[in-house]
K.L.:
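Below are the structure tokens for one structure; questions will follow.
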Amino acid sequence: MILSKASEYALRILVYLAAQPSGEPVLSRVISDCIGGGSVPCVNKVLRWLAKRGVLDSVKGKGGGFVLRPGAESLSIVDVIEIVEGRPVELRCVLGFNICAKETVCPVHSQWETIHNNEIGFLRGQTIGTMSNAIFWHGRTMTPVQC
């Protein structure tokens, strides 16, 4: 599965924010620096999109920034992709046929369908929280991530 840049940034943002102390807002420029690869305007766009979709809270004023909403750590990779893309993750023909089925001329449909279903099943089992814990777990306590 190839992710759009927006989906990739959203996943990085959410995994990073899940590692921060609960309820403590993080500035967008800090998030942009810490997730790497994204310009501040691009990251801001994704942050606003996630806030609009109810995944993040945007805190205004001094000490403001973005914070993960309660329960967002349980979102799977597929959930995040579907939120960002605005549509369900679906099987698409590897050859680009509009209609791809076992009955058509697509020679790889059944194998591709199996690979796709395995991939989606795996990605549904990976949550923001488990990914964040795997990346940022230090000893027996979670520490705020510093860039």
Side-chain angles (χ1 to χ4, degrees), residues 1-26 28-58 65-147:
M1 172 181 291
I2 298 173
L3 298 180
S4 69
K5 281 294 181 187
S7 290
E8 185 180 314
Y9 291 159
L11 287 166
R12 288 183 189 180
I13 288 166
L14 295 174
V15 168
Y16 172 76
L17 288 176
Q20 303 307 306
S22 181
E24 289 188 26
V26 182
S28 60
R29 70 176 178 269
V30 172
I31 295 168
S32 180
D33 288 343
C34 291
I35 68 165
S39 69
V40 174
C42 289
V43 171
N44 276 330
K45 184 176 180 180
V46 175
L47 285 163
R48 286 191 307 272
W49 182 259
L50 292 170
K52 189 182 235 184
R53 297 292 180 254
V55 179
L56 301 177
D57 281 327
S58 174
F66 291 88
V67 63
L68 203 62
R69 292 192 79 186
E73 67 281 347
S74 66
L75 291 171
S76 73
I77 294 174
V78 172
D79 294 332
V80 174
I81 293 168
E82 290 178 345
I83 288 167
V84 172
E85 302 300 327
R87 59 182 165 72
V89 175
E90 57 191 25
L91 178 64
R92 292 193 178 163
C93 179
V94 72
L95 297 177
F97 294 139
N98 287 334
I99 299 173
C100 183
K102 293 173 184 153
E103 298 79 31
T104 66
V105 295
C106 182
V108 296
H109 178 81
S110 60
Q111 294 90 350
W112 181 245
E113 183 177 36
T114 300
I115 291 167
H116 173 78
N117 290 339
N118 288 337
E119 178 183 41
I120 295 301
F122 172 76
L123 296 176
R124 284 195 191 285
Q126 304 304 309
T127 67
I128 296 302
T130 57
M131 289 189 301
S132 184
N133 287 341
I135 294 169
F136 299 114
W137 184 260
H138 298 285
R140 299 187 67 70
T141 60
M142 180 71 82
T143 58
V145 177
Q146 303 297 321
C147 297

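Numbers for residues simply follow the sequence, beginning at 1.
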K.L.:
Pick one: which of V40, I31, V26, V55 meets side chain to side chain contact (heavy atoms under 4.5 Å, CB included) with L47?
P.N.:
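Going through V40, I31, V26, V55 one by one, the side chain to side chain contact (heavy atoms under 4.5 Å, CB included) with L47 is satisfied by I31 alone.
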K.L.:
If every non-hydrogen atom of G65 is compared with every non-hydrogen atom of P25, which pair is closest and at what distance?
P.N.:
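Nearest heavy atoms, G65 then P25: N-CB, 3.6 Å.
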K.L.:
Please report the closest heavy-atom contact between Y16 and F136, naming both atoms and the distance.
P.N.:
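For Y16 versus F136, the nearest heavy atoms are CA-CE1, 4.1 Å.
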K.L.:
I'd like to check the side chain to side chain donor-acceptor pair (under 3.5 Å) partners of R69; sequence neighbours left out, ordered by chain and number.
P.N.:
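Listed in chain order: D57.
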K.L.:
Could you state the interatomic distance from CD (E119) to OG1 (T114), rounded to the nearest 0.5 Å?
P.N.:
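Separation between the atoms: 12.5 Å.
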K.L.:
Minimum heavy-atom separation for L75 and I83, please, with both atom names.
P.N.:
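Looks like CD1-CD1, 4.2 Å.
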K.L.:
With rounding to the nearest 0.5 angstrom, report the CD1 to SG distance, I13 to C34.
P.N.:
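Taking CD1 in I13 and SG in C34, the distance rounds to 11.5 Å.
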K.L.:
Is the closest side-chain heavy-atom distance between L11 and V84 below 4.5 Å?
P.N.:
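SC-SC contact between L11 and V84 ruled out.
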K.L.:
Would you compute the distance between atom CG of L50 and atom OG of S58 and round it to the nearest 0.5 angstrom?
P.N.:
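Between L50 CG and S58 OG, I get 11.5 Å after rounding to 0.5 Å.
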K.L.:
Under the side chain to side chain donor-acceptor pair (under 3.5 Å) rule, collect the residues that match up with N44, sequence neighbours excluded.
P.N.:
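N44 satisfies side chain to side chain donor-acceptor pair (under 3.5 Å) with S28 once adjacent residues are dropped.
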K.L.:
Which heavy atom in S32 sits nearest to a heavy atom in S39, and how many Å separate them?
P.N.:
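Scanning both residues completely, I find the closest heavy atoms to be OG-C, 3.7 Å.
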K.L.:
Measure the shortest side-chain to side-chain distance between V67 and L56 over non-hydrogen atoms and say whether it is less than 4.5 angstrom.
P.N.:
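No, every pair of side-chain atoms sits at 4.5 Å or beyond.
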K.L.:
State the CZ-CD1 distance between F122 and I77, to the nearest 0.5 angstrom.
P.N.:
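It comes to 6.5 Å.
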K.L.:
If you count heavy atoms of other groups shown closer than 6.0 angstrom to CZ of R29, is the number above 12?
P.N.:
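No, not enclosed.
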K.L.:
Mind checking the CZ-CD1 spacing from R12 to I135? Nearest 0.5 Å is all I need.
P.N.:
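So the CZ of R12 and the CD1 of I135 are separated by 10.5 Å.
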K.L.:
Could you tell me if the side chain of Y9 sits less than 4.5 Å from the side chain of C42, heavy atoms only?
P.N.:
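C42 reaches Y9 side chain to side chain.
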K.L.:
Taking all heavy atoms of V89 and all of H116, pick out the closest pair and write down the distance.
P.N.:
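Heavy-atom minimum between the residues: CG1-CE1, 4.2 Å.
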K.L.:
Which residue pairs pass the side-chain hydrogen bond (donor to acceptor under 3.5 Å, both in side chains) test with at least one member in residues 71-86, sequence neighbours excluded?
P.N.:
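Listed once each, the pairs are S4-E85, S7-E85, S76-D79.
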